[in-house]
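Keep in mind that the numbers below use all heavy atoms, side chains included, and drop hydrogens, waters and symmetry copies. In what follows, chains are A, B, ... by sequence order, proteins preceding strands, each numbered from 1. On a predicted model such as this, the values are computed, not experimentally measured, just so you know.
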Amino acid sequence: MDAIILQILNGLDKGSAYALIALGLTLIFGTLGVVNFAHGALFMIGAFCAVTFSRLLQLSHEIVDETRTDFLGNPLKVDVPYLQDWFGPETGAAIIDWAVPLSILFAIPVMLLVGFVMERGLIKHFYKRPHADQILVTFGLAIVLGEIIKANYGANPIPTPAPAAFSGSLDFGVWLGFDENAIIYPYWRLIYFLFSAVIIAGVFAFLQFTTFGMVVRAGMADRETVGLLGIDIDKRFTIMFGLAAAVAGLAGAMYTPILSPNYNMGMDFLVLSFVVVVVGGMGSLPGAVLAGFLLGILQSFASMNEVKSLLPGIDQIIIYLVAIAILLTRPRGLMGRRGVMEE
Amino acid sequence: MSKSNFTRRGVLRTGAIAGAGLALPTYLRADAHAGFTNAPTGSTVTIGFNVPQTGAYAEEGLDELRAQELAVEHLNGIGDGGMLNTFSSKVLDGTGILGKQVNFVTGDTQTKSDVARAAAQSMIQKDGVIMVNGGSSSGVAIAVQGLCQEAGIIFMAGLTHSNDTTGKDRKANGFRHFFNGYMSGAALGPILEKEYGSDRNAYHLTADYTWGWTQQESMQQSTEAIGWNTAQNVLTPVGAGDFSSYIAPVLNSGADTLVLNHYGADMVNSLTQATQFGLKDKQVNGKDFKIIVPLFSELMAAGAGTNIEGVFGSMNWNWQLQDEGTQAFVRSFGEKYGRPPSGSAHTCYVQTLLYADAVTRAGSFNPCAVAEALEDFEFDGLGNGPTFYRGADHQCFKDVLVMKGVASASGSASMVGYDTVEIVEVTPRAQVEYPSDHPMFGGPEASLGECNPGA
């Protein structure tokens, strides 16, 4: 039983990342009708926002320690962060320690800007082109963005730890009446799940309860009529692209303590997220979230030794098998709408 | 009107035959062709460095490339000479190889076997390289080694740690200086017994490809030899990213030790995530839970950050060694690039020097003559102590380093990975030796085949 609960937690955690990326993908597809293969790259750029912010906090000056030598026998140069000069060693170190959660403040404006530039600079020119063209250009953009990150940050994964206060794990089993150490789960993964739930709820509330969101939903349903009412729907859709980029970016920034960022991490999530969108139903926001969590949990269960011993390799194909089964029985996905990508 | 017996066609035919006959002695002369692929003809010779310049192992590949460039400089008499000054063989004098200046071309393997083969093929056919060196993956090394065998080119492998490279997939034209999975297991076993005792229950997570399989097999054999039990071996897909689904079952498996047979980004992620799951703080059956990573590299240690502290592993070579050869290489490399060389950089540098030395001793670039010079060659002064290039399987035998992750001594960000691992023990060569027909290396059926000189 404890193993099953652990895999459910794992699945919810994986599903959180899938759901956040798929939510952004669906927002873009639902508003602009664009199949954005660069969305994984936005997740990756968000992760590198956390890396960049962490490095900004660690900007240092060198002092020479005459008592020690470097590997060539020269006096050792030691990096001292400016923050430690300004706020004292303890406070400075504490601020640096909290780099990942604080990077959200940095990632939101950066990702909104990246989203606007991407939409206005490139993607708007492909609105009326076939989906195949959109896929090609956004996939190419994803490769370019990955190479830019690699040129600046290198190809190696970059350690970006969670704050020390959240680096341990919670004895979750005790809360549920199990023995001690039966279900241990890392604090940061629980925080990531809660963070995703807040972001998802926030996006839904924004679309449901604000005038802006109402107009966007109306535009998603009937763009032409909303335009005829004198509303500049294109401008709102551009803002939605920025919002989708910010959601992907935040998902990436907060994921860095779980997966050390590297330039290719967006590609790893992209394919899975597209499967999530298709399973959920193209254009359906609740479908994307539901499918994200569902596939995350299924993938975790498929990785259990008991399952793998019965069906070797099932962990690597389960998502695609489920996608095939769902598309055969429900061609529009779990919550897909009639008419989306059916013209 | 006179009638001639000469016809235009006849003159051309006779001329062609006579020309071919006159040219034959030149063709057969060693300098012009010598009956092997890409025999150098001018005042230069070109060698090929085939390393990952893009992809997941690009950082490692670029460090290999730095070392290879440094080796070429030293061979051509530029710089301080590095390990040429400490190498026990003294035939290299900084005037190139056999008096020919050394040029090099590079290829990008992308750590993909098909791409690596295409890059090597291009270097051989288009650039006329006489030797291929480099690589950061066993899958790639085995693929390129096979290609070089077919093409009649010497392959001096870079970072390849699978037993198969000089085991069941050994080739007459391929040579490996780097150590292998068996040697890691043999070196780590006694240290693990000393540190953690002989009553342990080990759970293996293993990368699902040739290196992972042979590494796991070697570790299982060496840990079972000291009395440990193997609880389970779970194969994980390469590039899985999130290993939580594989780590979670370890918690309740009854295992008290996790062996991560992972490398590169997989190792960084699995070690980081295992630490986050609290495995390093866990107690099982009254024993502290331990994590082991059999193969270390500096660049992986940098990616793992503080998570590597307290973890045991092994290396082929490390810049912190105090022998003359190591110090000469670290000085050359450090002054040129501002940081210590990695283990993969070292093996590529050494392989380049060993090739040049073998050509010089053989007095020929003919790959079969070079192979003969390398086989059963004993040398010293290249950082690993007395070393033996065994002729039977083309595997180098030398001391192996047992390493442990520690907190950074310098506190310098640029040294993370370099000073976050320390040498625990230099395991003597005799302890990691094995017969060339060992079952883990293809058994009695494994064969180098015939040396192929190519053309």
Part of [X] within contact of chain B (heavy atom distance under 4.5 Å):
X	answer
A/Leu259	both
A/Pro312	neither
A/Ser260	both
A/Tyr255	side chain

Where [X] and [Y] come nearest, the two heavy atoms and their spacing:
X	Y	value
B/Val268	A/Pro157	CG1-CB, 4.1 Å
B/Ala248	A/Asn10	CB-ND2, 3.4 Å
A/Lys14	B/Ser245	NZ-OG, 3.1 Å
A/Pro159	B/Ala302	CG-O, 3.3 Å

Can you tell me which of [options] forms the most heavy-atom pairs within a distance under 4.5 Å of chain B?
options	answer
A/Ser309, A/Gly11, A/Pro257	A/Pro257
A/Ile183, A/Leu9, A/Leu72	A/Leu72
A/Lys150, A/Gln7, A/Arg189, A/Gln316	A/Arg189
A/Lys308, A/Met265, A/Met304	A/Lys308
A/Asp65, A/Asp268, A/Ile184, A/Asn305	A/Asn305
A/Ile258, A/Asn264, A/Asn262	A/Ile258

**Asked** Can you tell me how far the CG atom of B/Leu235 sits from the CG atom of A/Asp315, to the nearest 0.5 Å?
**Response**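 If I round to the nearest 0.5 Å, the distance is 9.5 Å.
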
**Asked** Which distance, rounded to the nearest 0.5 Å, do you find between the CG of A/Asp79 and the CE of B/Met415?
**Response**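 One finds 12.0 Å between CG of A/Asp79 and CE of B/Met415.
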
**Request:** Answer whether the closest heavy-atom distance between the side chains of A/Gln299 and B/Asp242 falls below 4.5 Å.
**Result:**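 In short, these two side chains do not touch, never coming nearer than 4.5 Å.
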
**Request:** Indicate yes or no: at least one non-hydrogen side-chain atom of A/Asp13 is less than 4.5 angstrom from one of B/Ser244.
**Result:**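 No, side chains not in contact.
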
**Neighbours of chain A found in residues 275-290 of chain B - heavy atoms under 4.5 Å** =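 B/Gln276, B/Phe277, B/Gly278, B/Lys282, listed by number.
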
**Prompt:** Taking non-hydrogen atoms and a cut-off under 4.5 angstrom, which of residues 319-333 of chain B neighbour chain A?
**Reply:**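 B/Trp319, B/Val330, B/Arg331 fall under the 4.5 Å cut-off.
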
**Request:** State whether B/Arg339 and A/Asp70 are salt-bridged, where the test is any N-O pair (Lys NZ or Arg NE/NH1/NH2 against Asp/Glu carboxylate O) under 4.0 Å.
**Result:**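 Looking at A/Asp70 together with B/Arg339, the answer is no, because their closest N to O distance does not fall below 4.0 Å.
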
**Message:** Can a side-chain donor-acceptor contact be found between B/Tyr57 and A/Asn156 if the only test is distance below 3.5 angstrom?
**Reply:**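 Not at all, the side chains of A/Asn156 and B/Tyr57 share no donor-acceptor pair under 3.5 Å.
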
**Toward chain A, the part of B/Glu60 with a non-hydrogen atom under 4.5 Å** =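 Neither the backbone nor the side chain of B/Glu60 comes within 4.5 Å of chain A.
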
**Asked** Is the CZ atom of A/Phe139 crowded by more than 12 outside heavy atoms at less than 6.0 Å?
**Response**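 No, CZ of A/Phe139 has 12 or fewer neighbouring heavy atoms, counting only those of other groups under 6.0 Å.
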
